[in-house]
Protein chains: 2
Amino acid sequence: MIKPLIEKLSHYMVLSEEEKQILENTTRQRIAIEKGDDIIMQGQRPDYVYLIESGWACRYKFLEDGRNHTMAFLIPGDLCDVHVTILDKMDHSIRALTALKLTKFSIDEIVNIMENYPRLAHAFFWSTLVDEAILREWLVNMGARSCELRVAHFFCELLLRSRMAGLSYDGSFDCPLTQVELGESMGISQVHTNRVLQKLRQEGLISMEGRRVIIHDWKRMKAFSQFDPTYLHSKLDAL
Amino acid sequence: MIKPLIEKLSHYMVLSEEEKQILENTTRQRIAIEKGDDIIMQGQRPDYVYLIESGWACRYKFLEDGRNHTMAFLIPGDLCDVHVTILDKMDHSIRALTALKLTKFSIDEIVNIMENYPRLAHAFFWSTLVDEAILREWLVNMGARSCELRVAHFFCELLLRSRMAGLSYDGSFDCPLTQVELGESMGISQVHTNRVLQKLRQEGLISMEGRRVIIHDWKRMKAFSQFDPTYLHSKLDAL
DNA sequence: CGTGGAATTGATTACGTTCAATAGATGTGG
DNA sequence: CCACATCTATTGAACGTAATCAATTCCACG
């Protein structure tokens, strides 16, 4: 089941049936990770390319004072560490935020795809460039926007990313984060995260039902959070 | 003069004389950009791969309310937009912070290097991965560290990057940024940037002579700013 | 010299943190 | 199926960091 990946890549290029088959049929290992476990740790040598099939993970670093900071969330369809052959040491860790189903591609499998299917190689490269663009946008988000806009902006991004991966077809998406986890990525305290969410609900911008975040009025939400989807480099602009 | 690039790449792999010659001899266009001019703008299609030969540039986005936010500084030896063939639209702009000397590589020239010199291709890829690692570290810096640590951390990074590019051999480096520009990258106001710099000077951590930032005690500075150079993926750890 | 950009200082305000406590939800074992 | 434990969400109050507003000084350059 690598449908989310195929869905995602199709926002960059239309994949042929053959190319889809390559992705589906590459011999590969599927593993399950328990909630809270690390997939790979800071300092380790990366060994495989991982694809998230279901569940959420995060890239994070731990700080000297014991706190963590999250730099990225990985959702179904996201790849990590396509550069496996280049860097010898992880500069951050990746942890399962929920129970996770992963596909492990060995280096050989990846190299095989990269060398024999240039279009797929391009599509993979596109996906890493989008990851980088997301990092830049997060930096702007952290540096220049108030907490409320920041969290709202984050929700806009995650709605679009969920839709790109074929995980959502309306104005809502599955968000398994606790308020602590959300705060650790937005650079705000747990208490303030709670208050920001309350504000966004009061403003009528979002509501939350269990793990689901619902965005009521995409246009208003976009305007409110100064969200410009260009950086996701997709044709999709939701709703 | 693409020495800074060669110096930088040599922190990843030892380049052969032949490989150095390839870099030196690739036909290429050299241009000068005036301080304050944009190299490429948000929304434009990237056309060339640029290499900074001298001077500083920055990646930035402008926000709706008129402010800017800087997401990266480019110093001699840094490449921009190696992915020129993949994305069709810049999601940010790049501006010359000082007068700039640039090398422009055409797509053909880059593709030629990438296809015929796999070791150089690897080295280029390494450099983009380091750029990405820097973005992640900046995110942690913004999200989790106080302004003083943040600025100090930034100076640590720039000392190491300057040394990697062969631009510094002691504890100081050339930093042409105004306090406004520094603030725009650190997510702090101009006034506060000034106060933070004063504090760092009072603490005896740094001093500033014209455009030069001097770090007096590397160990102390590293400890103070919680600087862990792993993310630069170099063997170098200064001084 | 004089002019404009850059740095510096002071005073006030506001956003977000921290500490502390409570309430709600979820889960586990007896 | 209840009781206890634990994790998550929520609220209140006091504090602190950094923003903003408003001048003033410094400095490089023509």
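Values below: all heavy atoms of this structure, side chains included; hydrogens, waters and symmetry mates excluded. In what follows, every chain begins at residue 1, and chains take the letters A, B, ... in the order their sequences are listed. Keep in mind the model is a prediction, meaning the values are calculated, not measured.
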Taking [atom1] from [X] and [atom2] from [N], how many angstroms apart are they, rounded to a whole number?
X: Arg67(B); N: dT20(D); atom1: CZ; atom2: P; answer: 7 Å
X: Met142(B); N: dG16(C); atom1: CE; atom2: C1'; answer: 15 Å
X: Arg211(A); N: dA9(D); atom1: CZ; atom2: C1'; answer: 17 Å
X: Met208(B); N: dT8(C); atom1: CE; atom2: P; answer: 8 Å
X: Leu177(B); N: dG5(C); atom1: CG; atom2: P; answer: 19 Å
X: Met186(A); N: dC15(C); atom1: CE; atom2: C1'; answer: 17 Å
X: Ile188(A); N: dT18(C); atom1: CD1; atom2: P; answer: 12 Å
X: Leu182(A); N: dC7(D); atom1: CG; atom2: P; answer: 20 Å

task = Would you check if the side chain of Ser93(A) reaches a backbone N or O of Gln42(A) as a donor-acceptor pair within less than 3.5 Å?
result = yes
So that I can tick it off, tell me whether [Y] and [X] are bridged by a salt bridge, with the cut-off set at under 4.0 angstrom between side-chain N and carboxylate O.
X: Arg145(A); Y: Glu137(A); result: yes
X: Asp228(B); Y: Lys61(A); result: no
X: Glu132(B); Y: Arg136(B); result: yes

note = Of dT18(C), dA18(D), dT20(D), the nucleotide closest to the side chain of Ser189(A) is dT18(C)
ask   = Taking atom NZ of Lys101(B) as the centre, does the number of heavy atoms from other residues, nucleotides or ligands within less than 6.0 Å exceed 12?
value = no
ask   = Do Leu160(A) and Ser234(A) have side-chain heavy atoms sitting under 4.5 Å apart?
value = no
inquiry  = Does Gly187(B) reach a base, just sugar-phosphate, or nothing at all? Heavy atoms under 4.0 Å.
reply    = sugar-phosphate
request  = Describe the nucleic acid contact of Thr178(A) in one word from base, sugar-phosphate, nothing, applying a heavy-atom distance below 4.0 Å.
outcome  = sugar-phosphate
ask   = Which residues, if any, of residues 190-202 of chain B bring a heavy atom under 4.0 Å of DNA chain C?
value = Val191(B), Asn194(B), Arg195(B), Gln198(B), Arg201(B)
message = Please evaluate residues Gln190(B) and Asn194(B) with respect to the criterion side-chain hydrogen bond (donor to acceptor under 3.5 Å, both in side chains), reporting the C-alpha separation (whole Å), side-chain torsions for both, the decisive distance (0.1 Å), and the verdict.
response = CA-CA 6 Å; Gln190(B) 163 194 174; Asn194(B) 182 281; over 6 Å; no
message = Please compare Glu181(B) and Arg150(A) by the position of their nearest nucleotide in DNA chain C and report the one closer to 5'.
response = Glu181(B)
